[in-house]
Engineer: 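This is the structure I have questions about; it appears just below.
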Amino acid sequence: MARYNAKESETHWQQEWDRRALFVTPDDPSGDKPKCYVLEMFPYPSGRIHMGHARNYTMGDCVARFRRAQGYNVLHPMGWDAFGLPAENAARDKGVNPRDWTYENIAAMKAELKLLGLSIDWTREFATCDPAYYHQQQKLFLDFYRAGFVYRGEADVNWDPVDMTVLANEQVIDGKGWRSGAVVERKKLSQWFFKITDFAQELLEGLDTLDRWPEKVRVMQRNWIGRSEGLRLRFELSNNTGLEIFTTRPDTLFGASFVALSPEHPLTQEMARTNPKLQAFILECRKTGTAEAEIEKAEKLGFDTGLTAGHPFDANWRLPVMVANFVLMGYGTGAIFGCPAHDQRDLDFARKYGLSVTPVVVPDGQDAAAFVVGAEAYTGPGHLANSRFLDGMSVEDAKAEVAKRLEAAGAGARTVNYRLRDWLVSRQRPWGCPIPFVHCAKCGVVPEKNLPVLLPEKIDFSVKGNPLAADKAWNTTTCPDCGGPATRDTDTLDTFVDSSWYFARFADPKAQAPVNAKAANYWLPVDQYIGGIEHAILHLLYARFFTRAMNKLDMVDVKEPFAGLFTQGMVCHETYKDADGNWVSPDEIVKEGNKAFLKDGHAPVEVGASEKMSKSRRNVIAPETIIADYGADTIRWFMLSDTPPERDIEWTDAGAEGCWRFVQRVWRLAGEAEGLPPPGTDMKNGTRSMRAAAHKAIASVTDHLEHLRFNSAVAQLYTLSNAIADAKDADGAARREALEALVLLSAPMMPHLAEECWKALGHTKLVAETPWPKHDPSLLETDSHTMAVQVNGKLRATISVPRDAANPAIEAMALGEEAVQRALDGKTPKKVIIVPGRIVNIVV
RNA sequence: GCGGGCGUGGUGGAACUGGUAGACGCGCCAGACUCAAAAUCUGGUACCGCAAGGUGUGUCGGUUCGAUUCCGACCGCCCGCACCA
């Protein structure tokens with residue numbers, strides 16, 4: 001039998017699947033099949049498929065094919081997250097049109113994805129830069145606006161004065177723009193926001209319903225939302241104004257020794273106008289970077305404003321009002337009261353500026369008079385002291401008491417505070433979804449009625465700042481309300497908006513509304529979503545927010561978009577460096593044992609740790625080269641083998657060759673099936689163990705795939721293939737049955753090979769049209785089983801026990817073992833524990 | 001600092017609700033076939049020991065007839081967040 005020709009077979013079967021339109025999901029699904037929506041995070045069209053994509057889409061395809069075979073009505077679509085900066089960079093650097101660049105990349109990547117043999121319904125494909133998609137997104141944005149989920153507000157932004165654009169925090173490096181190198185300014189701009197904070201509580205509570213999400217992701221989202229319960233309270237200041245602060249520790253109010261404002265607090269800013277020293281102090285505070293290490297070491301800085309604040313329970317008790325660098329404007333009210341004894345930051349600050357430190361919470365069992373706070377603040381539980389009417393209370397009771405009294409006095413209110421902030425979506429970028437608003441001198445900011453607002457055909461990247469702002473022909477328009485002259489909003493939406501609802505669009509990508517409710521309600525939620533952990537917070541939180549917002553507008557029934565989430569690990573590879581410390585690519589080296597040498601000249605190369613494949617480390621292997629050398633099934637099999645899918649996988653040549661060997665091995669086994677009788681002909685004489693092996697594999701591969709344990713499913717298939725190879729003398733029909741099981745079970749992982757083998761086994765229908773095999777439980781029951789015999793918990797022997805043997809008989813068999821008698825050493829058993837079918841433990 | 005996760009052979013990793021630790025793959029060793037190589041096949045491969053046997057799942061302790069699994073303390077590694085009041 002000829003060697004398996006992966007290239008020929010894969011092309012052939014891909015065409016065959018296409019020809020029969022096997023993976024096209026009908027728009028109007030009828031019948032009583034259960035639905036299953038399998039989705040992988042759609043890619044950015046960078047131009048090339050990388051190993052991370054290959055792993056992601058292989059996993060998704062394995063699930064999709066498995067579910068389809070099981071009889072589910074499967075939706076498995078693909079699209080392109082196609083707006084974004086790389087296209088602009090390419091346009092600027094190479095003078096191409098970002099649209100052309102993007103669509104060319106999409107075509108190239110689609111061709112590569114097709115080589116992987118994915119069971120995707122390509123009729124539903126779209127790119128977020130398609131006018132048809134962003135048209136609907138503009139509608140959705142206006143729907144959200146009308147519902148009050150969108151607002152326009154002032155935002156402090158990072159402004160690059162050279163590039164004339166807003167920068168994301170990540171794009172500010174050492175206070176300078178990443179591209180221009182110009183010192184970034186803080187600027188207040190009118191920007192569009194999503195009111196995601198209105199959904200903070202339900203987004204938090206919703207996490208508890210997501211039982212098929214990784215705990216890790218739920219924890220990250222929980223922390224990001226950052227709910228804390230506390231008290232908002234008012235201090236009366238010596239300048240006759242009031243100051244609101246937020247605290248989670250109102251119980252420590254009598255330990256207060258100062259009040260502190262953020263440098264960005266409006267009151268600070270106001271005072272700075274007439275106080276040059278304060279101005280200088282604010283500048284000093286800004287110098288401190290936001291890098292982790294800096295914050296860790298950053299010294300507490302304070303500035304005494306000269307104002308004093310009256311204690312809420314004793315107006316004569318005056319506290320100094322400071323400006324402190326560690327108080328964040330973005331959290332709570334941007335002002336705090338400092339209680340040094342029970343907060344480390346306040347303590348550091350108080351020690352530096354000579355403020356008093358009064359312990360007011362004393363650990364239970366300790367004497368208040370003797371309790372001293374030294375260099376470490378006490379944040380544990382205890383009872384109140386030095387706190388007038390709170391003395392003796394527990395922390396919890398004291399919190400409640402203070403809240404009660406201040407609320408009664410109108411000086412405070414219990415509140416829930418969130419770390420989550422509203423989502424700023426305006427971007428001064430030309431390659432994105434235009435924000436469908438018009439600015440009219442007379443009517444103000446008015447929603448566009450005439451949608452879509454299309455991007456201009458040509459974008460001029462030679463201008464400073466946003467080309468859309470410079471393009472007068474494009475941004476000059478008339479007001480939808482009064483018909484007078486007006487200009488378009490020249491900002492585009494954050495690309496995270498594009499990916500916040502695409503999963504709903506796949507239900508009916510041609511709908512004339514953003515989502516077709518009927519189709520979306522049938523398909524949503526996504527049953528299995530698969531992607532990288534890097535999207536644990538932003539993308540997944542935004543998509544959850546969008547789904548809840550759409551739910552409130554009756555666009556979809558579901559509140560959560562993704563019922564099952566799986567975050568796959570990265571693909572890594574060894575790294576190499578030459579004598580000069582330059583990275584060396586894997587295809588420039590030869591390995592000899594553990595050592596590596598340059599192919600060219602044989603100079604030794606240092607072998608470094610396995611790290612995520614990246615261009616900068618030059619340790620990238622392109623999937624297309626592997627497909628060209630071995631075929632798609634080999635790369636697919638590799639991606640699913642050995643390493644659990646959530647962990648990082650290391651790509652190795654040896655591993656790839658091993659996978660290739662297995663492909664050939666399965667093909668050889670299938671070839672040996674020629675002439676074997678079809679299943680069911682003379683099964684009764686079939687080798688029992690062969691049949692048992694096949695049915696055990698069916699049961700366990702099915703179970704492993706249900707739980708996405710691809711690596712364990714793969715191991716079971718190796719076991720089955722070993723069993724088939726070893727059972728040459730088994731009954732022919734049993735061998736055939738086992739082979740057919742092997743082919744059907746491996747089809748989700750290696751679909752092309754499976755089709756080729758299936759055909760070789762004489763079938764005319766495709767594997768892709770064949771139902772998933774079912775195991776016969778009676779075949780898994782054996783007449784006898786092996787039981788371990790322990791003496792005092794130590795294994796001494798194994799015995800073969802008839803299935804229906806009674807305990808006394810088992811005990812007798814166990815005691816009859818020579819090794820057991822030796823271990824007993826003449827002693828009498830005190831107790832014999834028998835776990836049926838598993839173990840006998842003799843205790844002496 | 002806070003939160004989450006993980007420590008098993010040379011290596012990636014198995015082990016269901018506590019019940020024969022190391023499945024399966026990679027690598028390695030030996031052998032068969034071959035003029036030779038590749039490919040393929042067969043056998044072996046936790047550690048110590050000739051063997052009987054002993055020791056082994058990061059360390060120490062606990063619960064149990066029995067612990068990789070449960071509990072406690074510690075050590076180490078990874079990830080996320082971070083001056084969040």
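Chain letters run A, B, ... following the sequence lines, proteins first and then strands; every chain starts at 1. Just so it is clear, the model here is predicted, and its values are computed rather than measured.
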Engineer: Sticking with atom C1', work out how far B:C60 lies from B:A67, rounded to a whole angstrom.
Structural biologist: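 The answer is 15 Å between these two C1' atoms.
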Engineer: Using whole Å, report how far CG of A:D642 lies from P of B:G12.
Structural biologist: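 Going from A:D642 (CG) to B:G12 (P), I get 11 Å.
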Engineer: Paired with B:G25: which nucleotide, if any, by Watson-Crick or G-U wobble criteria at under 3.5 Å for both distances?
Structural biologist: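 The base-pairing partner of B:G25, which may sit in any strand shown, is B:U11.
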Engineer: Could a donor-acceptor pair under 3.5 angstrom be found where the side chain of A:R838 meets the base of B:C65?
Structural biologist: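 It does not, because no donor-acceptor pair links the side chain of A:R838 to the base of B:C65 below 3.5 Å.
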Engineer: Would you call A:R822-A:E818 a salt bridge at under 4.0 Å N-O?
Structural biologist: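 So A:R822 pairs with A:E818 through a salt bridge.
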Engineer: What nucleotide among B:G12, B:G54, B:G3 has an atom nearest to a side-chain atom of A:N223?
Structural biologist: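 My answer, after comparing the listed nucleotides, is B:G3.
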Engineer: Return yes if the base of B:C83 and the side-chain atoms of A:K300 contain a donor-acceptor N/O pair under 3.5 Å, otherwise no.
Structural biologist: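 Yes, a donor-acceptor pair under 3.5 Å.
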Engineer: Between A:R665 and B:A39, is there a contact of a side-chain N or O with OP1 or OP2 at under 4.0 Å?
Structural biologist: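 It does not, given that no N or O in the side chain of A:R665 lies less than 4.0 Å from OP1 or OP2 of B:A39.
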Engineer: Tell me which pairs pass side chain to side chain donor-acceptor pair (under 3.5 Å) where either residue lies in residues 225-234 of chain A, with sequence neighbours left out.
Structural biologist: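 Every pair satisfying side chain to side chain donor-acceptor pair (under 3.5 Å) with a residue in residues 225-234 of chain A: A:Q201-A:R227, A:R227-A:E229, A:S228-A:Y331, A:R234-A:E236.
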Engineer: Could you tell me whether A:R222 and A:D208 have a side-chain N and a carboxylate O separated by less than 4.0 Å?
Structural biologist: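 Result for this pair is yes, salt bridge flagged.
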Engineer: In whole angstrom, give me the gap between the C1' atoms of B:G49 and B:U68.
Structural biologist: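 Approximately 26 Å lies between the C1' atom of B:G49 and that of B:U68.
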Engineer: Which atom pairs, one a donor and one an acceptor, fall under 3.5 Å between side chains of residues 827-834 of chain A and the rest of the protein, sequence neighbours left out?
Structural biologist:
none

Engineer: Using a 4.0 Å cut-off on protein heavy atoms (strictly under), produce a 5'-to-3' string for nucleotides 55-61 of chain B with B for base contact, S for backbone-only sugar-phosphate contact, and - for none.
Structural biologist: S------
Engineer: If I pick the P atom on B:U8 and the same atom on B:A14, what distance separates them, to the nearest angstrom?
Structural biologist: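 These two P atoms come out 11 Å apart once rounded.
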Engineer: When you check the glycosidic angle of B:G9, does it come out syn, meaning within 90° of 0, or anti?
Structural biologist: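 The base of B:G9 is oriented syn (glycosidic angle within 90° of 0).
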Engineer: Give a yes or no on whether A:R421 atom CZ has more than 12 heavy-atom contacts from other residues, nucleotides or ligands under 6.0 Å away.
Structural biologist: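 No, because the 6.0 Å sphere around CZ of A:R421 holds 12 heavy atoms or fewer from other groups.
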Engineer: Using atom P in both nucleotides, what's the gap between B:C79 and B:G10 to the nearest angstrom?
Structural biologist: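 Roughly 25 Å separates the two P atoms.
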Engineer: Who is the Watson-Crick or G-U wobble partner of B:A85, with both distances under 3.5 Å?
Structural biologist: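 By the stated definition (distances under 3.5 Å), nothing pairs with B:A85.
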Engineer: Do NZ/NE/NH1/NH2 and the carboxylate oxygens of A:E574 and A:K591 come within less than 4.0 Å?
Structural biologist: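 A:K591 and A:E574: salt-bridged.
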Engineer: If only side-chain N and O atoms count, and only distance matters, is there a donor-acceptor pair under 3.5 Å linking A:R544 with A:Q221?
Structural biologist: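 The criterion, which ignores hydrogens and geometry beyond distance, is satisfied for A:R544 and A:Q221.
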